[in-house]
Structure formats: structure tokens, C-alpha cells
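For reference, the structure discussed in these notes is given below.
Remember, predicted model here, so these are calculated numbers, not experimental data.
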Amino acid sequence: MAVPTQSDPTKVMGRRVLAALIDAALVIIPAVMLVTASMEYLPEDRLDRSGEQFCDDFLEDQGGFCFDMTDVDERVYFSDTINVGATAMFWGANLAMLVVLQGLTGWTIGKLITGLRVVGEDGRAPGLGKALLRWVLWVLDGFPYVLPLVGGIVALTTVGHRRVGDMAAKTFVVDRGAMGSPI
């Protein structure tokens with residue numbers, strides 16, 4: 001009689017990447033919408049010089065943000081202030097989802113959709129302290145920040161498929177069926 005082999009509950013890298021993309025979209029899209037909603041624009045026909053030159057002059061004189069979109073919609077978008085609401089929403093949503101929600105339940109919205117959970121070595125939700133440590137260590141794992149190579153490479157090459165934040169916090173990302181069982 002053959003003994004069934006135990007599958008590795010941490011072999012979930014594809015779903016883990018998808019969950020991270022969903023979570024990022026849930027935070028970034030509203031923040032971008034808030035930033036762009038507060039920007040002013042000038043149609044190219046109202047500029048006395050090219051959009052690129054307008055942005056160069058604006059940034060030199062005013063600071064802030066300026067985007068030359070004349071090749072897309074014939075406008076230049078600009079703002080001389082930092083949108084505090086968008087910044088607060090971005091960091092608040094990150095903290096709420098990746099620390100509070102994940103720490104108390106073991107899931108974020110992306111992980112819930114993809115059937116994943118973050119657990120401690122005992123198989124339970126990690127708690128706020130461990131979730132905070134995982135979140136802070138995204139500074140290392142997310143490098144070079146456009147494509148998080150450090151976290152991805154570390155997770156692909158370590159036992160338990162753990163990124164630096166997981167190793168420091170002693171957590172694992174597992175299939176939801178493994179939650180409650182010690183890893």
C-alpha cells in the first residue's frame with residue numbers, strides 16, 4: 001500500500017505574485033486617482049511653448065509635478081502641491097491591509113481571492129507585530145522597487161519559499177487549507 005506524499009503548502013509562488021498585484025492595485029489605483037483629480041491642465045493650444053518646455057519651466061519655478069501628455073491627449077497636467085490626502089490614503093491603506101488585516105486574519109484581499117494565508121510557525125495568523133515586521137522589510141524585499149527581485153529570488157530559492165520579511169518574522173505564506181496546522 002502506497003503512502004500518500006505530503007505536498008508543500010508553501011509552494012504557492014504564482015498565486016503569491018498574483019495576490020501581491022491585486023493588493024498593490026487596490027492601494028495604488030485610488031491614490032493615483034486622488035493625485036490626478038487635484039491636478040490642473042492646460043490644452044496644448046493654450047500653451048505659449050511646447051508641453052515639455054512648459055513642464056521644465058514650471059518645475060524650475062514652482063516645484064511640484066508636471067506631466068507632458070501632449071502626445072496622448074494634447075494637454076499638460078501640473079500641480080504645485082503634494083496631495084496630502086493621497087499620501088495619507090496610500091500609507092493608511094497599506095498599513096490597514098498589510099499589517100492590521102493580515103496580522104489579525106492571515107489574509108489580505110489579494111490573498112483571500114487567491115486562496116492564500118500568512119501564518120506563523122504554529123499555523124495561526126501572525127499577529128500585528130509579525131505583520132508589521134514583514135511590512136517594514138518590504139524595503140529589502142521590494143528592491144529594486146519596480147520589480148521586487150530580492151524578495152522574489154529569496155522566496156524562490158529558500159526552504160519554505162520565504163522572503164526576507166518572512167524569515168525575520170518567522171512566517172510562511174501557505175495555501176488556505178494549511179492554516180491552523182503547524183508548518
Side-chain angles (χ1 to χ4, degrees), residues 9-41 64-67 69 72-73 77-79 81-120 123-156 158 160-180 183:
T10 65
K11 275 184 117 173
V12 292
M13 283 303 293
R15 288 189 288 160
R16 193 171 176 172
V17 169
L18 180 59
L21 291 172
I22 292 168
D23 292 338
L26 290 172
V27 172
I28 292 170
I29 290 171
V32 168
M33 290 172 67
L34 283 173
V35 167
T36 57
S38 68
M39 296 183 88
E40 298 178 53
Y41 71 89
F65 303 96
C66 189
F67 301 101
M69 301 296 287
V72 176
D73 69 356
Y77 295 86
F78 61 95
S79 176
T81 61
I82 294 175
N83 189 316
V84 176
T87 303
M89 194 285 312
F90 175 81
W91 289 110
N94 259 297
L95 190 65
M97 186 166 42
L98 297 175
V99 177
V100 177
L101 183 62
Q102 187 166 247
L104 296 176
T105 65
W107 52 265
T108 61
I109 295 168
K111 286 183 179 71
L112 186 66
I113 291 169
T114 58
L116 299 176
R117 300 296 184 268
V118 175
V119 297
R124 295 185 297 172
L128 295 176
K130 289 182 178 188
L132 179 64
L133 182 58
R134 289 181 87 244
W135 183 63
V136 168
L137 287 175
W138 259 113
V139 170
L140 293 174
D141 288 319
F143 189 79
Y145 308 122
V146 174
L147 181 65
L149 291 176
V150 171
I153 291 169
V154 171
L156 283 170
T158 59
H161 306 282
R162 300 162 80 188
R163 62 180 181 83
V164 175
D166 288 319
M167 288 186 264
K170 297 182 180 170
T171 58
F172 297 86
V173 177
V174 298
D175 182 81
R176 71 173 162 240
M179 189 166 191
I183 305 301

Query raised in the report: Residues two or more places apart in sequence or in another chain: which of them pass salt bridge (charged side-chain N to carboxylate O under 4.0 Å, His left out) with R176?
Result: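 Residues passing salt bridge (charged side-chain N to carboxylate O under 4.0 Å, His left out) with R176: none at all.
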
Query raised in the report: Should we count CE of M13 as having more than 12 external heavy atoms under 6.0 Å?
Result: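 It does: M13 CE has more than 12 such atoms within range.
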
Query raised in the report: Taking R16 for the side chain and H161 for the main chain, is one N or O donor matched with an acceptor at less than 3.5 Å?
Result: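 Yes: the side chain of R16 pairs with the backbone of H161.
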
Query - Backbone of L34 reached by a side-chain donor or acceptor of N83 within 3.5 Å - result: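 Such a contact is found between N83 side chain and L34 backbone.
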
Using 0.5 Å steps for rounding, measure from the [atom1] atom of [X] to the [atom2] atom of [Y].
X	Y	atom1	atom2	answer
I22	T108	CD1	OG1	8.5 Å
L101	L128	CG	CG	10.5 Å
Y41	M69	OH	CE	14.0 Å
D166	F172	CG	CZ	8.0 Å
E40	C66	CD	SG	11.0 Å

Requested in this report: Any pair with a residue in residues 18-35 that passes salt bridge (Lys or Arg N to Asp or Glu O under 4.0 Å), sequence neighbours left out, goes on the list, sorted by first then second residue, please.
Outcome: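 Every pair satisfying salt bridge (Lys or Arg N to Asp or Glu O under 4.0 Å) with a residue in residues 18-35: there are none.
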
Requested in this report: Name all residues meeting the side chain to side chain contact (heavy atoms under 4.5 Å, CB included) criterion together with V136; count only those two or more places apart in sequence or in a different chain, and write none if there are none.
Outcome: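 If we apply the side chain to side chain contact (heavy atoms under 4.5 Å, CB included) test to V136, skipping adjacent residues, the hits are L132.
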
Under 3.5 Å donor-acceptor pairs involving side-chain atoms of residues 137-145, not counting sequence neighbours:
unit_1 : atom_1 : unit_2 : atom_2 : d
D141   : OD1    : V164   : N      : 2.9
D141   : OD2    : R163   : NH1    : 2.4
D141   : OD2    : G165   : N      : 2.9
Y145   : OH     : V139   : O      : 2.8

Report task. State, yes or no, whether a side-chain contact exists between V174 and V12 at a heavy-atom distance under 4.5 Å. Result ->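 A side-chain contact under 4.5 Å is absent here.
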
**Report entry** V154 side chain reached by R162 side chain, heavy atoms, under 4.5 Å
**Finding:**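 Answer no - side chains too far apart.
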
Scan the side chains in residues 92-100 for donor-acceptor partners under 3.5 Å anywhere in the protein, sequence neighbours excluded, and list what turns up.
unit_1 : atom_1 : unit_2 : atom_2 : d
N94    : ND2    : F90    : O      : 3.2

Determine all donor-acceptor pairs shorter than 3.5 Å in which one atom belongs to a side chain in residues 111-120; sequence neighbours excluded.
unit_1 : atom_1 : unit_2 : atom_2 : d
K111   : NZ     : Q102   : OE1    : 3.0
T114   : OG1    : G110   : O      : 2.8
T114   : OG1    : K111   : O      : 3.4

